[in-house]
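The block underneath contains the structure these notes are about, expressed in structure tokens.
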Amino acid sequence: MTNSARLAELGIELPQVVAPLAAYVPAVRTGNLVYTAGQLPISGGELLATGKVGAEVSAEQAKELARQCALNALAAIDSVAGIDAVVRVVKVVGFVASAPGFDGQPGVINGASELFGEIFGDNGAHARSAVGVSELPRNAPVEVEVIAEVS
């Protein structure tokens, strides 16, 4: 089954590629790898939430926001290589704008990791970092970047 067929089976539609907020491109392909820029939880041109996880944003909401970041990363990958060219997800780096004392970053970034598992199965299993930070662009609660292997 192709990746696009799997997305259709899951009822998932890739969003439009999020326009860069500064001097960069959404994704770059080099050889058989695609590196995405950090993706914020933007949908329809709007940031879905702002604030710190563990304060203004719950861990559960942040997990859903990380899923949106992952969808945006897939759209960026699709724009340079095509979604059906994705062989596997190699690495995910997630940044969580964290309130003091919040230590649930891995659970938040599971929103992205679980999506990749749903779509790509074993080929969605990846190395990962989940990092707590004090601030993210536009006061976003979460940001995700991805490295994918493509054919």
Side-chain angles (χ1 to χ4, degrees), residues 1-49 53 57-98 102-133 135-138 140-151:
M1 175 181 293
T2 65
N3 295 330
S4 53
R6 179 69 179 144
L7 286 169
E9 182 181 85
L10 292 169
I12 296 171
E13 189 172 321
L14 290 181
Q16 293 293 316
V17 177
V18 175
L21 303 175
Y24 62 89
V25 294
V28 172
R29 179 177 180 165
T30 181
N32 67 338
L33 296 175
V34 175
Y35 292 76
T36 73
Q39 300 293 314
L40 299 179
I42 292 174
S43 180
E46 299 295 320
L47 190 60
L48 296 178
V53 181
V57 178
S58 71
E60 296 77 23
Q61 182 185 15
K63 183 177 178 181
E64 286 301 311
L65 294 169
R67 182 180 176 95
Q68 182 63 47
C69 294
L71 285 170
N72 292 343
L74 288 176
I77 292 165
D78 184 51
S79 75
V80 298
I83 196 66
D84 288 327
V86 175
V87 174
R88 74 168 298 129
V89 178
V90 176
K91 176 87 188 257
V92 172
V93 180
F95 302 96
V96 180
S98 302
F102 180 77
D103 64 358
Q105 294 84 6
V108 169
I109 302 306
N110 277 348
S113 296
E114 291 169 4
L115 175 71
F116 296 138
E118 289 172 37
I119 297 169
F120 303 111
D122 289 344
N123 291 331
H126 50 269
R128 187 180 90 176
S129 299
V131 181
V133 298
E135 297 288 337
L136 287 170
R138 297 178 62 187
V142 64
E143 181 175 349
V144 173
E145 61 182 54
V146 176
I147 302 169
E149 179 185 355
V150 295
S151 59

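Everything quoted here is computed from the prediction, not taken from an experiment.
Of all heavy-atom pairs spanning Arg88 and Ala125, the tightest one is NH2-O, 2.5 Å. In this structure, Val142 and Ala62 approach most closely via the heavy-atom pair CG1-O, 4.2 Å. Pro15 and Gln68 get closest at one heavy-atom pair: CG-NE2, 4.1 Å. When every heavy atom of Gly94 is checked against every heavy atom of Ile109, the shortest pair comes out as CA-CD1, 3.6 Å. Ala49 approaches Gln61 most closely through the heavy-atom pair CB-NE2, 3.8 Å. Nearest approach of Ser79 to Val17, heavy atoms of both residues: CB-CG2, 3.7 Å.
If you take CG on Leu71 and CG on Leu14, they are separated by 7.0 Å, rounding to the nearest 0.5 Å.
Counting non-hydrogen atoms of other residues, nucleotides and ligands closer than 6.0 Å to CD of Glu9 gives a total above 12.
Side chains of Arg138 and Ile42 form a contact here, defined as non-hydrogen atoms less than 4.5 Å apart.
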Quick one: do Leu21 and Leu40 satisfy side chain to side chain contact (heavy atoms under 4.5 Å, CB included)? Show the steps, please.
CA-CA 10 Å; Leu21 303 175; Leu40 299 179; 3.6 Å; yes
Verdict with supporting geometry, Lys63 and Asn110, side chain to side chain contact (heavy atoms under 4.5 Å, CB included)
CA-CA 7 Å; Lys63 183 177 178 181; Asn110 277 348; 4.2 Å; yes
Dump the intermediate steps for side chain to side chain contact (heavy atoms under 4.5 Å, CB included) on Ile119 and Val86, then the final yes or no.
CA-CA 11 Å; Ile119 297 169; Val86 175; over 6 Å; no
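Tested against Leu115 for a side chain to side chain contact (heavy atoms under 4.5 Å, CB included), the candidates Val89, Leu10, Val144, Ile12 yield a single pass: Ile12.
Gln39 places a side-chain N or O within donor-acceptor distance of the main-chain N or O of Ala37, the cut-off being under 3.5 Å. No donor-acceptor pair closer than 3.5 Å links the side chain of Ser4 to the backbone N or O of Thr2. Using a distance-only test at 3.5 Å, with no hydrogens or angles considered, a donor-acceptor pair links the side chain of Arg128 to the main chain of Pro106. Checking side-chain atoms of Asn3 against main-chain N and O of Phe120 turns up no donor-acceptor pair under 3.5 Å. Put simply, the side chain of Arg6 gets close to the backbone of Glu118: a donor and an acceptor are under 3.5 Å apart.
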